[in-house]
Engineer: 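Dropping the structure in here first, questions after.
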Amino acid sequence: MDWERSRAAVPRFEFLAEAGSTNDELREAASGADAAEWGHGAVLVTDNQTRGRGRLGRVWLAPTGKTLAISMLLRPELPGGASFPADAYGWIPLIAGAAMTEAVRRAVEPYLQPPEPSSPEPDAGREASTRRRKRNERVEESGQPDGSGGVDIELKWPNDVLVSGYKICGILSELLPDSGAVIVGAGLNLTLDEHDLPTLTSTSLLLVTGERPDADAVLADYLATFLELFDAFASSGADAAASGVADRVTALCGTIGSEVRVELPGDRELLGRAERLDADGRLVVIERENGEPWSVAAGDVTHLRY
């Protein structure tokens, strides 16, 4: 694959046949002797990442060719070259998550309508039909609302994209403190089948749609949307409300309005209802016991069903 659309979406695009971690590879490139060649919006991608990681140092492994590991370099600055405010960095993973949520939605939407009755299917058609049936069974098991053809695609604060409650993408942002640059890594499940899934709460575009996805189309959509949203955010002075980023993220975030359990640093736990995002992108949770609001900047969030 030549990744023609993805190359056109960003200033620099490099596809690696194999990488330990695309975030590590991009950090080295962006901080090394040739750092000037790696500008804002540069991207590294592989479908064979051997030492991927998620939040809290968790290992992220996947079979070769069935997922994409995507890392984008941001060099944030305000109009006129002013420094990017420290409290604005919290919006970056949310912007990436919103972009990926929208890209996944657009990739899945054509498959949500039930197929028209047709003549007996050839073998390939029967395989796709079987995958779609399994996808429908997974949706029914999830207990999610039956909107959009039974598939609910949403952002889970702060860094996951879920399809009917199943994780299809995780996002990890890393700050380069010497330069103020940020590397945003995303792992997207493309063609994992039931035997490949890393957890029982994971899914892939293949399992959701019953068809092999156009990886270049999905990736190009994500990259273009991410840059569009981030550049609008920066151009507005990193004002999430004025740029429209706050409304866009809020509309996509399934965590808001949900009962949640938040695992906080220091082995603490918060139970309550996620009410909104604050001006810095933190999750405001109304504690169940006393009704007090908490602004959560970091923590593992679980959506509860009670």
Side-chain angles (χ1 to χ4, degrees), residues 53-60 85-98 100-101 104 138-148 150-175 184 186-187 198-203 233 238-241 243-306:
R53 64 186 184 278
R55 291 186 67 249
L56 306 178
R58 294 173 180 135
V59 176
W60 186 75
D87 56 9
Y89 280 88
W91 282 101
I92 291 177
L94 296 172
I95 292 170
M100 184 63 81
T101 302
V104 170
R138 287 165 64 83
V139 171
E140 290 173 5
E141 290 171 2
S142 75
Q144 294 292 323
D146 194 34
S148 300
V151 178
D152 187 14
I153 302 167
E154 61 189 17
L155 172 64
K156 183 184 126 184
W157 188 94
N159 62 342
D160 291 337
V161 179
L162 306 182
V163 179
S164 298
Y166 293 88
K167 181 175 176 177
I168 200 167
C169 176
I171 292 166
L172 177 67
S173 298
E174 301 181 54
L175 176 67
V184 183
T199 70
L200 294 175
T201 55
S202 301
T203 192
F233 178 60
D239 186 323
S243 64
V245 162
D247 285 345
R248 199 151 162 185
V249 171
T250 297
L252 294 165
C253 186
T255 304
I256 297 172
S258 297
E259 293 293 318
V260 297
R261 179 177 67 249
V262 186
E263 297 174 28
L264 300 169
D267 294 325
R268 294 176 298 148
E269 184 177 88
L270 172 64
L271 292 175
R273 178 175 53 83
E275 183 182 58
R276 59 184 174 86
L277 301 178
D278 72 9
D280 298 329
R282 295 176 298 186
L283 184 67
V284 178
V285 178
I286 306 302
E287 188 171 5
R288 183 180 293 176
E289 281 192 6
N290 56 27
E292 291 293 320
W294 289 67
S295 290
V296 179
D300 278 354
V301 173
T302 301
H303 293 181
L304 304 177
R305 296 185 183 178
Y306 57 86

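Start at 1 with the first residue, then count along the sequence.
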Engineer: Measure the CG-OH distance between L200 and Y166 for me, rounded to the nearest 0.5 Å.
Structural biologist: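 Answer rounded to 0.5 Å: 8.5 Å.
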Engineer: Minimum heavy-atom separation for G254 and E154, please, with both atom names.
Structural biologist: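 Here G254 and E154 meet closest at CA-OE1, 3.4 Å.
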Engineer: Only counting residues at least two apart or in another chain, list the ones meeting salt bridge (charged side-chain N to carboxylate O under 4.0 Å, His left out) with D87.
Structural biologist: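 So D87 forms no salt bridge (charged side-chain N to carboxylate O under 4.0 Å, His left out) with any residue.
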Engineer: Just verifying a value: how many Å separate I92 CD1 and I171 CD1, rounded to the nearest 0.5 Å?
Structural biologist: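 The CD1 atom of I92 sits 12.0 Å away from the CD1 atom of I171.
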Engineer: By side chain to side chain contact (heavy atoms under 4.5 Å, CB included), which residues pair with A238, not counting sequence neighbours?
Structural biologist: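 Here the qualifying residues are L78, F84, P85, A88, F233.
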Engineer: Do T302 and V260 touch side chain to side chain, with heavy atoms closer than 4.5 Å?
Structural biologist: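 Not in contact.
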Engineer: Taking the side chain as every heavy atom from C-beta outward, state whether V163 and V151 have any pair of such atoms under 4.5 Å apart.
Structural biologist: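 Yes; the side chains approach each other to less than 4.5 Å.
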Engineer: For T255, what residues pass the side chain to side chain donor-acceptor pair (under 3.5 Å) criterion, not counting sequence neighbours?
Structural biologist: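 Result, side chain to side chain donor-acceptor pair (under 3.5 Å) vs T255: H303.
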Engineer: Closest approach of V284 and S295, non-hydrogen atoms and distance?
Structural biologist: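 Closest heavy-atom pair between V284 and S295: CG2-OG, 3.8 Å.
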Engineer: Going by salt bridge (charged side-chain N to carboxylate O under 4.0 Å, His left out), name the residues that satisfy it together with D160, two or more places apart in sequence or in a different chain.
Structural biologist: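 With sequence neighbours excluded, D160 shows a salt bridge (charged side-chain N to carboxylate O under 4.0 Å, His left out) to K156, K167, given in chain and number order.
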Engineer: Shortest non-hydrogen contact from L264 to A298?
Structural biologist: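 Heavy atoms of L264 and A298 come nearest at CD2-O, 4.0 Å.
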Engineer: What side-chain donor-acceptor pairs closer than 3.5 Å can you find for residues 266-276, not counting sequence neighbours?
Structural biologist:
| unit_1 | atom_1 | unit_2 | atom_2 | d |
| --- | --- | --- | --- | --- |
| R268 | NE | P265 | O | 3.1 |

Engineer: Would you say the side-chain atoms of W91 pair up with the backbone N or O of D239, donor to acceptor, closer than 3.5 Å?
Structural biologist: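 Judged by distance alone, no pair lies under 3.5 Å.
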Engineer: List for me each residue that meets side chain to side chain donor-acceptor pair (under 3.5 Å) alongside R282, sequence neighbours excluded, and say none if there are none.
Structural biologist: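 Partners of R282 under the side chain to side chain donor-acceptor pair (under 3.5 Å) test: D278.
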Engineer: Between L155 and A98, what is the shortest heavy-atom contact and its length?
Structural biologist: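 Residues L155 and A98, closest heavy atoms: CD2-N, 4.1 Å.
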Engineer: Is P93 close to S173 at the side-chain level, that is, under 4.5 Å between some pair of heavy atoms?
Structural biologist: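 Of all side-chain heavy-atom pairs linking P93 with S173, at least one is under 4.5 Å.
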Engineer: Give a yes or no on whether the backbone of D152 and the side-chain of S164 come within a donor-acceptor separation of less than 3.5 Å.
Structural biologist: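 Here the side-chain-to-backbone pair exists.
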Engineer: Between atom CG of D300 and atom CG of N159, what is the distance when rounded to the nearest 0.5 Å?
Structural biologist: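 Answer for the CG-CG pair, D300 versus N159, is 8.0 Å.
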Engineer: Side chains of V262 and W294: closer than 4.5 Å at any heavy-atom pair?
Structural biologist: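 Of all side-chain heavy-atom pairs linking W294 with V262, none is under 4.5 Å.
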Engineer: Between L162 and I153, is the side chain to side chain contact (heavy atoms under 4.5 Å, CB included) condition met? List the steps.
Structural biologist: CA-CA 6 Å; L162 306 182; I153 302 167; over 6 Å; no
